[in-house]
There are 2 protein chains.
Amino acid sequence: MIDRYSPEKIYMQISKAIEADIQDVFEPGDLYLSEKVLTEKFGVNRHTVRRAIEELVKQGILEKRHGFGTFIAEKRLAYCIKGHQRFTESVEANDLLAESTVLNKKVISARGGVAEKLQLKNNDEVIQVDSLRKVEGKVAALITHFIPKDICPAISEKYESGSLGEFLKAESNIQPKRISSLVSSAMPNAEDSFRLGMASSQPVLKVKTVNEDTQTGRRIEYSITRFRSDMIQLEILINT
Amino acid sequence: MIDRYSPEKIYMQISKAIEADIQDVFEPGDLYLSEKVLTEKFGVNRHTVRRAIEELVKQGILEKRHGFGTFIAEKRLAYCIKGHQRFTESVEANDLLAESTVLNKKVISARGGVAEKLQLKNNDEVIQVDSLRKVEGKVAALITHFIPKDICPAISEKYESGSLGEFLKAESNIQPKRISSLVSSAMPNAEDSFRLGMASSQPVLKVKTVNEDTQTGRRIEYSITRFRSDMIQLEILINT
DNA sequence: TCATTTCACTTGTCTAGACATCTAAAACTA
DNA sequence: TAGTTTTAGATGTCTAGACAAGTGAAATGA
């Protein structure tokens, strides 16, 4: 099974063998073989097996849990590679993706980027809302909204789900309008990759948006959206 | 220097110590201490030092070259974190970024995505041009263009640098117009991360663009741009 | 019954050493 | 001088073994 005279390193041979093994026999979510079993199966040292597994974890194919075992990762990267079935969203749409769940709400003091984008003074009160957006039942994005508290204090109590834009219209007679969007690519922090249910080795697509009120011109919302890069791509629409 | 009774793992202690050491004493591009020296300095096994260095390589702070040594990485992540000094480019602009260098040109057979986007039959001839775009002398993006060969065979010989759009106008009396852009985030392949001079642990921002000729409506160019995520962010312009 | 402790098993960390592979420069040779 | 070979030193791979730390279930206790 292992060719010790091949120029290909043993850990890479094992890594590929495991990858093939997974696709033949295992399902996403299954517990995979332990390091001890693999050590005996391939006739190599445990550290070599660990190195092979490390490759697959890096690729998002396996996941480990200290003291418990190694798992076949839920579809992720494979999803994207197989069918190029990524969802295409438009940044022109004010409220992306249908389903929405609020994760938490809190009042913070404006500072740095938030104060700047919302044109507030430091320590002005801002409501922060973190919410999860799903597509076909799967988590696709994580959005952090910042809204000056005086604009719509009702958010803290009432807003639970659905479109935040619609909520603002209904509660505060405000017509939000997107005035700028900045798109970038970055690695997710540990919390975000966990919430998005994705491998921490995969990047996210970040969109920072500022909305103002059509009538008054006041900045009313700043949001940072992190899309799962294996699920979502953005389409830029052209106005002709 | 190392606390063997701390709950913090030794390799993490060393990793942090090295990180501090780098910021105090070393400059980007410098050759760092060898594993042997670090082994003696910290009084641990070589594998433990390697594990510590691995962390920093993952973070894009150090870089290794087999058989030569370990280097302080050129500014990258730090660059972005420190000043938020990323360049902002607009996807509306047809030719992003001033300086351009052609890396290679070749004629290929259309298939898959290329054939589809350019609305060609399989095996139709397509000219592929890879070029490097710089901002302030630094590599910022890598672009792969695909142009049906019959539209402008002169590219193979004549096109050397500058705007490909301008070249097409001059040579073939064509008015390119962007008809769609898809933006996504992904990890770079080994070749791309090398050419972009970035850590392979950092993602790229990918933009796939299709251009057509204003007059005939024919698809004349399909390009895939990979931006260094630590240098470039895209601004979405709003036409009001 | 329910809470606690033990236990078997998992992955994680660290050590020690051998040999492979790669690099750049020094030494050598024509 | 120019090209080749050697060599020292760097990182890369693999082995072997010990102990740490986390998990979940089984055994134990009140």
Side-chain angles (χ1 to χ4, degrees), chain A residues 1-18 22 26 29-73 190 194 199-201, chain B residues 1-18 22 26 29-73 190 194 199-201:
Chain A
M1 207 151 186
I2 296 298
D3 177 5
R4 288 189 177 262
Y5 301 99
S6 163
E8 179 160 47
K9 301 304 171 190
I10 294 175
Y11 75 87
M12 279 306 298
Q13 294 181 45
I14 294 178
S15 178
K16 288 178 181 173
I18 292 177
I22 288 172
F26 291 83
D30 286 358
L31 184 62
Y32 192 58
L33 308 176
S34 74
E35 293 172 359
K36 185 159 175 285
V37 171
L38 291 170
T39 292
E40 288 156 4
K41 178 173 175 182
F42 291 106
V44 298
N45 189 272
R46 186 182 154 219
H47 293 294
T48 306
V49 165
R50 283 176 64 79
R51 184 73 179 76
I53 290 174
E54 194 185 322
E55 289 299 308
L56 296 168
V57 169
K58 212 184 286 178
Q59 290 175 46
I61 293 170
L62 289 179
E63 280 171 6
K64 314 185 84 172
R65 271 180 59 196
H66 187 185
F68 194 66
T70 304
F71 296 83
I72 318 300
F194 175 75
S200 58
S201 58
Chain B
M1 208 155 186
I2 297 298
D3 177 4
R4 289 192 174 260
Y5 302 98
S6 162
E8 178 160 48
K9 302 304 171 190
I10 294 175
Y11 76 88
M12 280 305 298
Q13 294 182 45
I14 293 177
S15 178
K16 287 177 182 173
I18 291 177
I22 287 171
F26 291 83
D30 286 358
L31 183 62
Y32 192 58
L33 308 175
S34 73
E35 292 172 358
K36 185 159 176 283
V37 171
L38 291 170
T39 292
E40 287 157 4
K41 178 173 175 181
F42 292 107
V44 297
N45 188 273
R46 184 180 154 219
H47 292 294
T48 307
V49 166
R50 284 177 63 78
R51 183 73 179 78
I53 290 174
E54 194 186 321
E55 289 299 308
L56 297 168
V57 169
K58 211 183 287 178
Q59 289 175 47
I61 293 170
L62 289 180
E63 281 171 8
K64 315 185 83 171
R65 272 179 58 196
H66 186 184
F68 194 67
T70 304
F71 296 83
I72 319 301
F194 174 75
S200 57
S201 58

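Labels below follow one simple rule: chain letters A, B, ... track the order of the sequence lines, proteins then strands, and each chain is numbered from 1.
- Within 4.0 Å (heavy atoms only), B:Arg65 reaches sugar-phosphate atoms of the nucleic acid but no base atom.
- Listed nucleotides C:dT11, D:dT23, C:dT23 differ in distance to B:Phe68; the shortest reach to its side chain belongs to C:dT23.
- Rounded to an integer number of Å, the gap from B:His66 NE2 to C:dA24 P is 12 Å.
- Neither OP1 nor OP2 of D:dG9 sits under 4.0 Å from any side-chain N or O of B:Ser34.
- The base of D:dG12 lies close enough to the side chain of B:Arg46 for a donor and an acceptor atom to sit less than 3.5 Å apart.
- Closest to the side chain of A:Arg4, out of C:dT11, D:dC14, D:dA21, is D:dC14.
- At least one side-chain heavy atom of B:Leu38 sits less than 4.5 Å from a side-chain heavy atom of B:Ile18.
- Put simply, the side chain of A:Glu54 reaches to within 4.5 Å of the side chain of B:Glu54, judged on heavy atoms.
- Rounded to whole angstrom, the span from the NZ atom of A:Lys36 across to the C1' atom of D:dT15 amounts to 18 Å.
- Atom CD of A:Glu8 and atom P of D:dT13 are 12 Å apart (whole Å).
- A:Arg51 comes within contact range of the sugar-phosphate backbone alone, with a heavy-atom separation under 4.0 Å but no base atom that close.
- When rounded to the nearest whole Å, the span between CD of A:Glu35 and C1' of D:dA21 equals 14 Å.
- One can place CG of A:Leu31 at 14 Å from P of D:dT23, the figure rounded to the nearest angstrom.
- For A:Thr70 and C:dT10, the shortest distance from a side-chain N or O to OP1 or OP2 is not below 4.0 Å.
- Closest approach to the B:Arg50 side chain among C:dC14, C:dT11, D:dT11 is made by D:dT11 (side chain taken as heavy atoms from C-beta onward).
- In this structure, A:Ile2 places its CD1 atom 15 Å from C1' of D:dT15, rounding to the nearest Å.
- No donor-acceptor contact under 3.5 Å links the side chain of B:His47 to the base of D:dG12.
- Side chain of B:Glu35 to main chain of B:Arg50: no donor-acceptor pair is present (N/O by atom type, distance under 3.5 Å, no hydrogens or angles).
- When the nearest nucleotides of DNA chain D are assigned to A:Tyr11 and A:Asn45 by heavy-atom distance, the more 5′-ward of the two goes with A:Tyr11.
- Between A:Glu54 atom CD and D:dC14 atom C1' the separation is 14 Å, expressed in whole Å.
- Following rounding to the nearest Å, A:Leu38 (CG) and C:dT11 (C1') show an atom-to-atom distance of 13 Å.
- Checked by atom type and distance alone, the side chain of A:Asp3 pairs as donor or acceptor with a backbone atom of A:Tyr5 at under 3.5 Å.
- Between A:Lys36 and A:Glu40 a salt bridge is recorded (basic side-chain N to carboxylate O distance below 4.0 Å).
- Where A:Lys64 and B:Gly67 each meet DNA chain C at their nearest nucleotide, the meeting point lying more 5' is that of A:Lys64.
- When distances run from any side-chain atom of B:Val44 to the nucleotides C:dT15, D:dA21, D:dT11, the shortest one goes to C:dT15.
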